[in-house]
Number of protein chains: 2
Amino acid sequence: MKKTTANIDLRKAGLKVTLPRISILEILEEAEQHHMSAEDVYKTLLSNGNEVGLATVYRVLTQFEAAGLVTRHHFDGGQAIFELDTGDNHDHIVCLKTGKVAEFKDEAIETRLMEIAAELGYTLSDHKIVLYGEVKDPDEKQTRLKITN
Amino acid sequence: MKKTTANIDLRKAGLKVTLPRISILEILEEAEQHHMSAEDVYKTLLSNGNEVGLATVYRVLTQFEAAGLVTRHHFDGGQAIFELDTGDNHDHIVCLKTGKVAEFKDEAIETRLMEIAAELGYTLSDHKIVLYGEVKDPDEKQTRLKITN
DNA sequence: CTAGGTGCAAACATTTTGCATGGTT
DNA sequence: AACCATGCAAAATGTTTGCACCTAG
């Protein structure tokens with residue numbers, strides 16, 4: 001099924017096509033909430049019947065990050081959060097009540113950030129914006145979370 | 001000397017005025033590079049001749065954060081970075097070459113972020129922007145780092 | 001005097017690494 | 001067959017906590 005896609009991505013990254021890597025890619029692709037900690041991925045693997053060690057999950061996620069397949073975030077404390085790098089380099093808004101993460105992208109802001117970096121004498125290579133707030137109407141959370149997808 | 005100021009801040013926060021707390025406040029106030037990890041603060045204390053435990057540094061920094069005196073950042077991985085909360089809620093730009101952190105603040109962006117949050121149905125309570133780049137002219141680094149102070 | 005603060009060491013949580021075994025190309 | 005990947009357990013970080021002692025108010 002999806003293995004074809006995954007295989008291509010992995011080969012392009014110069015990584016052998018192994019079961020743990022395929023499974024992890026698929027999990028990241030198919031997860032409803034696609035912002036996952038290594039532990040989240042690990043638990044999903046287990047409940048899918050995949051026998052993969054947590055160390056391998058970390059190793060694979062780190063390799064994926066190096067290959068540009070995955071992005072690593074450090075939203076608040078504790079664990080790192082990973083998500084598939086779709087190339088659109090979006091930003092995030094975290095609900096302080098539910099912990100859920102939504103995405104957005106705004107050209108005006110990106111343009112302004114580049115100007116600011118230039119004014120400060122920097123060559124800008126990346127940026128991260130994280131907004132913290134609360135969803136006004138929790139019942140519409142689902143919808144709102146999908147708003148930028 | 002500065003103890004008066006520190007005392008006031010501490011009392012306002014409902015914290016007893018102790019040597020470790022005063023010293024840590026002073027370090028954060030006076031450090032050239034005022035974005036410091038707990039370890040940085042700890043080492044500075046030691047080299048200043050203050051006998052304070054690392055655990056105390058963490059406890060004090062956490063209390064300061066709760067009291068609104070200090071802000072905690074998670075720029076990339078590893079350790080948390082602390083800085084005095086001056087109330088201006090500025091954002092940061094990190095040099096990927098030198099690791100140095102500079103600050104900036106832009107009303108246009110803040111306004112736009114509030115709009116975005118509202119559009120997404122969120123009540124915005126905070127935001128963090130981190131730019132990653134390289135200083136074009138390293139020799140002027142000092143100056144540029146001070147640009148927003 | 002009493003509540004709260006501190007140092008130290010142990011506990012924790014997360015992530016990384018060494019090494020022998022196993023799978024891909 | 002050669003090399004890379006994996007699992008496990010141990011180690012390495014970074015941060016928190018329990019406890020006996022100490023100190024500011």
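The basis for the numbers below is simple: all heavy atoms, side chains too, and nothing from hydrogens, waters or symmetry mates. Residue numbers begin at 1 in each chain, while the letters A, B, ... track the order of the sequences.
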Can you tell me how far OG1 of A/T71 sits from CD1 of A/I81, rounded to the nearest 0.5 angstrom?
12.5 Å
Taking the side chain as C-beta and beyond, is there a heavy-atom pair between A/Q63 and A/V60 under 4.5 Å?
yes
Rounded to whole angstroms, how far apart are [atom1] on [X] and [atom2] on [N]?
{"X": "B/Y58", "N": "C/dC12", "atom1": "OH", "atom2": "C1'", "value": "13 Å"}
{"X": "B/I22", "N": "C/dG5", "atom1": "CD1", "atom2": "P", "value": "13 Å"}
{"X": "B/M36", "N": "D/dG14", "atom1": "CE", "atom2": "P", "value": "15 Å"}
{"X": "A/K16", "N": "C/dG22", "atom1": "NZ", "atom2": "P", "value": "16 Å"}

Closest nucleotide of DNA chain D for A/E51 versus for B/A38: which of these residues is on the 5' side?
A/E51
Between B/H92 and B/H90, how do the two ring planes meet: parallel, tilted or perpendicular, split at 30° and 60°?
perpendicular
Charged N-O contact under 4.0 Å between B/R112 and A/D106
yes
For a quick test of reading the model: is some side-chain N or O of B/T18 closer than 4.0 Å to OP1 or OP2 of D/dT23?
no
Side-chain N or O of B/R11 closer than 4.0 Å to phosphate OP1/OP2 of D/dA24
no
Please work out if B/E39 contacts a base, only the sugar-phosphate, or nothing of the nucleic acid, heavy-atom cut-off 4.0 Å.
nothing
Polar atom pairs between nucleotides 17-20 of chain D and protein, under 3.5 Å, N or O only, would you list them?
residue : atom : partner : partner atom : Å
D/dG18  : O6   : B/R59   : NH1          : 3.2

